[in-house]
Amino acid sequence: MRVTQSVVKTLREAPAGAELPSHIFLLRGGYVKQLASGLYSIMPFGKRILQKIEVVIREEMNRIDGQEVELPLSQPAELWQESGRYTAVGSELLRFKDRTEHPMVLAMTHEEAVTDMARHYLSSYKQLPFMVYQFQLKFRDEPRSRGGLVRVREFTMKDGYSFHRTDEDLDAYYQRVYTAYERIFQRVGIRPVVVKSDTGIMGGKLAHEFMLETGHGEDYLILARDGSYAANQEIAEFHRETVPESPLPVEKVATPGYKTIEDVSGFLSVDAKKTMKVVLYETEHAKRKTLVMVALRGDLEAGEIKIRNYLKVPWLLPAQDDFIRSFGIVPGYASPVGIAERSDLLILSDLSIAEGNNFVAGANEEGFHLRHVNFRRDFQTPHCGDFAKAVSGHKSPDGKAELHAVRGIEIGNIFKLGTKFSESMNCAYLDESGQHKIPIMGCYGIGVGRLMAAVVENSHDDFGPIWPEEITPFHVHLVAIGKEPEVVEACEKLQAEWDAAGFEVLFDDRDERPGVKFKDADLWGVPVRVAVGKKTLAEGCVEWKLRKDKEHTVVPLSSTSDRLKSHYRK
RNA sequence: CGGGACUUAGCUCAGCCUGGUAGAGCAUCUGCUUUGGGAGCAGAGGGCCGCAUGUUCGAAUCAUGUAGUCCCGACCA
């Protein structure tokens with residue numbers, strides 16, 4: 001490919017708003033062009049990379065017996081009503097009507113479509129297990145797209161779905177996918193951190209996310225430094241250290257105007273760890289507006305995902321003061337002491353409170369707190385569990401390792417779905433004894449464009465991306481220095497020779513100064529750069545430079561094909 | 001959905017405070033010169049100053065509204 005014939009334009013400066021290295025370089029290198037918020041046009045160089053990423057993923061999916069399919073992007077709403085997601089998912093699901101006023105959606109994932117396919121195909125246990133996968137657009141009407149290609153509204157995803165007779169069979173296959181994912185990420189040069197992740201309110205038993213650790217990530221991961229623990233912060237567990245004390249009598253103290261944990265602990269000279277924080281949410285539980293009171297140790301923060309998962313509710317909002325007061329609870333001095341659970345008032349107690357003693361808690365009276373509040377003696381609730389957020393400095397659940405929080409980009413996920421979709425959508429088969437059985441499903445996703453962005457985050461310098469050999473848009477970047485006939489002729493001969501040897505050659509034949517070409521070479525990130533200039537050519541030599549190295553070497557022109565072969569191990 | 005900012009040439013931005021009809025650098029086109037890390041000179045093309053309404057003799061500039069974009073947070077099967 002000649003640069004003069006390529007549909008590519010580089011930018012000297014980053015467009016306003018681009019902050020992540022991947023965003024800046026993908027725009028500056030002419031790989032992608034933003035069309036609107038969260039919508040990107042992929043230009044030829046970007047498309048070449050995406051296609052190669054798809055090749056890598058396809059090879060690894062086929063290796064674990066996946067079969068490629070393609071499922072529609074636009075789907076009738078009925079399909080989503082069957083699974084229950086039509087109402088369970090919010091505005092992220094784009095709903096529209098077709099020409100005949102039929103309600104439709106743009107798929108955000110393809111569980112419904114694949115389950116529909118499976119229920120028509122599947123009739124006998126003899127057909128199980130199987131896995132199908134596709135590369136297909138997803139549309140998610142993100143409330144906030146950001147970070148260039150990291151979080152977009154429309155994107156191509158590799159999504160795979162497996163069907164099994166037993167949990168054991170799913171477990172075994174899940175492990176194979178896990179291994180396939182490790183191979184995929186290794187081939188694009190990424191060493192992911194694998195964390196346990198939230199399975200959401202749609203059900204499912206176990207899920208892992210493959211994360212690229214990067215300061216620019218949008219997820220927070222909780223990791224043990226010794227590798228013994230890794231989880232998404234949303235669900236990360238931790239060990240609560242408590243020193244048992246004997247309960248002391250409750251004592252009411254005046255704390256005029258002191259409402260926050262910081263104020264109260266300062267005023268009463270007690271450690272925040274000896275205070276009780278009460279966080280109040282409102283939600284819809286059992287079909288009515290419900291107040292959720294969560295009691296935590298003062299130094300902890302509420303873990304909203306944990307609370308939502310415990311209550312099996314899709315959302316929590318900070319409770320309004322009026323609503324709080326209607327239960328006799330006083331904002332700023334709130335406490336579960338003296339408050340009884342009702343059908344529309346749930347009291348949750350974090351383990352830190354249940355296992356500790358003698359907390360300073362609100363008195364539900366303006367200007368007063370209580371000393372020495374103890375769980376069970378002073379208040380009770382059956383809802384006792386892990387409702388706090390793990391942060392840096394906490395101990396891992398076994399109490400042995402220190403945890404720390406890092407940011408990461410999710411580049412893949414695997415999920416034991418269970419029978420959520422197969423059951424609601426009547427996907428069944430007959431077993432040996434003629435009994436109807438529901439297949440157990442797993443699903444497995446990788447965002448292709450996001451992975452390209454993640455590769456740049458993972459592999460770049462100050463001047464541009466450094467593409468891994470497996471997914472580079474070209475194998476070798478041939479740069480003509482000057483336009484002397486002998487230089488042009490030598491370049492054309494080299495291009496033809498390398499083409500014939502099966503290498504993808506990018507030939508910069510532009511009438512540009514060397515500096516311009518070298519800057520662009522850095523933005524295009526091709527692993528091998530060969531520069532042909534008059535001086536070295538007179539000695540039968542060219543310049544050989546690897547993108548990852550700073551310096552070039554002068555090598556015989558005749559050796560370049562062999563060098564390429566050995567570089568690419570062909 | 002909250003909080004903040006921005007919107008002027010293909011890109012990055014100045015001009016706005018103090019109203020008088022549009023600027024720079026880069027990019028593009030022409031010519032010359034130059035040729036090893038985004039050269040120089042001369043010339044040319046390119047603008048509903050996001051949109052709407054208002055104030056004014058006159059609005060890129062002031063006011064109100066609205067849309068788009070970006071950042072932080074919420075949300076994220």
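Note: hydrogens, waters and symmetry copies are ignored here, and every other heavy atom, side chains too, is used. Quick note on labels: first sequence line is chain A, next is B, and so on, each numbered from 1.
The salt bridge (charged side-chain N to carboxylate O under 4.0 Å, His left out) contacts involving residues 442-463 of chain A comprise Glu218(A)-Arg450(A), Asp461(A)-Arg547(A), where partners must be two or more places apart or lie in separate chains.
Across A74(B) and C1(B), the matching C1' atoms stand 7 Å from one another, rounded to whole Å. A gap of 10 Å separates the C1' atoms of C62(B) and C16(B), to the nearest Å. Going from the P atom of G3(B) to that of A9(B) covers 29 Å, rounded to whole Å. A distance of about 27 Å separates the C1' atoms of G19(B) and G46(B), rounded to the whole Å. Comparing the C1' positions of G20(B) and A60(B) gives a spacing of 13 Å, expressed to the nearest Å. G25(B) and G45(B) have their P atoms separated by 15 Å, with the value rounded to a whole Å. A39(B) and U28(B) have their P atoms separated by 11 Å, given to the nearest Å. To the nearest whole angstrom, the two P atoms, one in C11(B) and one in C70(B), are 14 Å apart.
Checking His394(A) against Ser392(A) by side-chain atom types alone, no donor-acceptor pair falls below 3.5 Å. A side-chain donor-acceptor contact under 3.5 Å links His23(A) and Tyr40(A). For the residue pair Tyr181(A) / His208(A), no side-chain donor-acceptor distance below 3.5 Å is found, with atom types taken as modelled. Checked by atom type, the side-chain pair Ser424(A)/Ser83(A) shows no donor-acceptor distance below 3.5 Å.
Rounded to an integer number of Å, the gap from CD of Gln233(A) to P of A74(B) is 10 Å. The separation between Arg144(A) atom CZ and A74(B) atom P is 9 Å, rounded to whole Å. U12(B) atom C1' lies 10 Å from atom CG of Leu11(A), rounded to whole Å. Atom-to-atom, CG of Asp141(A) to P of A77(B) comes out at 15 Å; the value is rounded to the nearest Å. Note: CD (Glu282(A)) to C1' (A74(B)) measures 15 Å, nearest angstrom. Distance, Glu142(A) CD to C1(B) C1': 14 Å, rounded to whole Å. With rounding to whole Å, Phe518(A) atom CZ is found 15 Å from A39(B) atom C1'. When rounded to the nearest whole Å, the span between OH of Tyr220(A) and C1' of G73(B) equals 10 Å.
Under the Watson-Crick and G-U wobble criteria, each requiring two contacts below 3.5 Å, nucleotide G2(B) is paired to C72(B). Across every strand in view, C51(B) sits in a pair with G65(B) that passes the Watson-Crick or G-U test at under 3.5 angstrom. With a 3.5 Å ceiling on both atom-pair distances, G38(B) lacks any Watson-Crick or G-U wobble partner. In a base pair of the Watson-Crick type (N1 to N3 plus N6-O4 or O6-N4) or a G-U wobble (N1-O2 and O6-N3), with each distance short of 3.5 Å, G10(B) is matched with C26(B). As the counterpart of C57(B), G20(B) is assigned, both hydrogen-bonding distances of the Watson-Crick or G-U wobble pattern falling under 3.5 Å.
Using a 4.0 Å heavy-atom cutoff across all strands shown, His552(A) reaches at least one base atom of the nucleic acid. Using a 4.0 Å heavy-atom distance criterion, Glu111(A) is classed as a base contact. Among the atoms of the strands shown, none is found under 4.0 Å from any heavy atom of Gly148(A). Contacts of Ala16(A) with the nucleic acid, taken as non-hydrogen atoms under 4.0 Å apart, involve only primed sugar atoms and P, OP1 or OP2. Heavy atoms of Ser37(A) sit under 4.0 angstrom from primed sugar atoms or phosphate atoms, though from no base atom. Within the nucleic acid shown, Arg146(A) comes within 4.0 Å of at least one base atom, counting heavy atoms only. Among the atoms of the strands shown, base atoms are found under 4.0 Å from some heavy atom of Leu523(A).
Of the candidate nucleotides A74(B), A77(B), A27(B), A74(B) has the atom lying nearest to any side-chain atom of Pro143(A). Taking only side-chain atoms of Glu13(A), from C-beta outward, the nucleotide of A77(B), G25(B), C75(B) with the closest atom is G25(B). The side chain of Asp522(A) approaches G37(B) more closely than any other nucleotide in the set G38(B), G37(B), A77(B).
Nearest heavy atom pair, residue Glu112(A) against residue Arg85(A), reads OE2-CD, 2.6 Å. Here the shortest heavy-atom pairing between Ser422(A) and Gly418(A) reads OG-O, 4.2 Å.
Under the side-chain contact (heavy atoms from CB on, under 4.5 Å) criterion, Lys483(A) pairs with Asp511(A), sequence neighbours left out. In terms of the side chain to side chain donor-acceptor pair (under 3.5 Å) criterion, Thr553(A) has no residue partners (sequence neighbours excluded).
Between Tyr444(A) and Tyr133(A), the distance from one ring center to the other does not fall under 6.0 angstrom. Under the 6.0 Å cut-off for aromatic ring centres, Tyr31(A) and Trp467(A) qualify, their centroids lying closer than that. Not less than 6.0 angstrom separates the ring centroid of Tyr174(A) from the ring centroid of Phe415(A).
Judged by distance alone, with hydrogens and angles left aside, Arg529(A) brings a side-chain donor or acceptor within reach of the base of G37(B), the pair sitting under 3.5 Å. Under 3.5 Å, the side chain of Arg28(A) and the base of G38(B) form at least one donor-acceptor pair of N or O atoms.
Using a 4.0 Å cut-off on heavy atoms, none of the residues of residues 404-412 of chain A approach RNA chain B.
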Going 5' to 3' through nucleotides 28-34 of chain B and flagging B where a protein heavy-atom sits under 4.0 Å of the base, S where only the sugar-phosphate is that close, and - otherwise, we get ------B
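Both Glu304(A) and Ala14(A) lie close to RNA chain B; mapped to their nearest nucleotides by heavy-atom distance, the more 5′-ward contact belongs to Ala14(A). If Ala36(A) and Trp315(A) are placed on RNA chain B by their nearest nucleotide, the residue sitting closer to the 5' end is Ala36(A).
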For residues 512-533 of chain A, please give each side-chain donor-acceptor pair under 3.5 Å, one per line with the distance, not counting sequence neighbours.
residue, atom, partner, partner atom, Å
Lys517(A), NZ, Ala480(A), O, 2.7
Lys517(A), NZ, Asp508(A), O, 3.3
Lys517(A), NZ, Arg510(A), O, 2.8
Asp520(A), OD1, Thr10(A), OG1, 2.9
Asp520(A), OD2, Arg510(A), NH1, 3.1
Asp520(A), OD2, Arg510(A), NH2, 2.9
Trp524(A), NE1, Gly29(A), O, 2.9

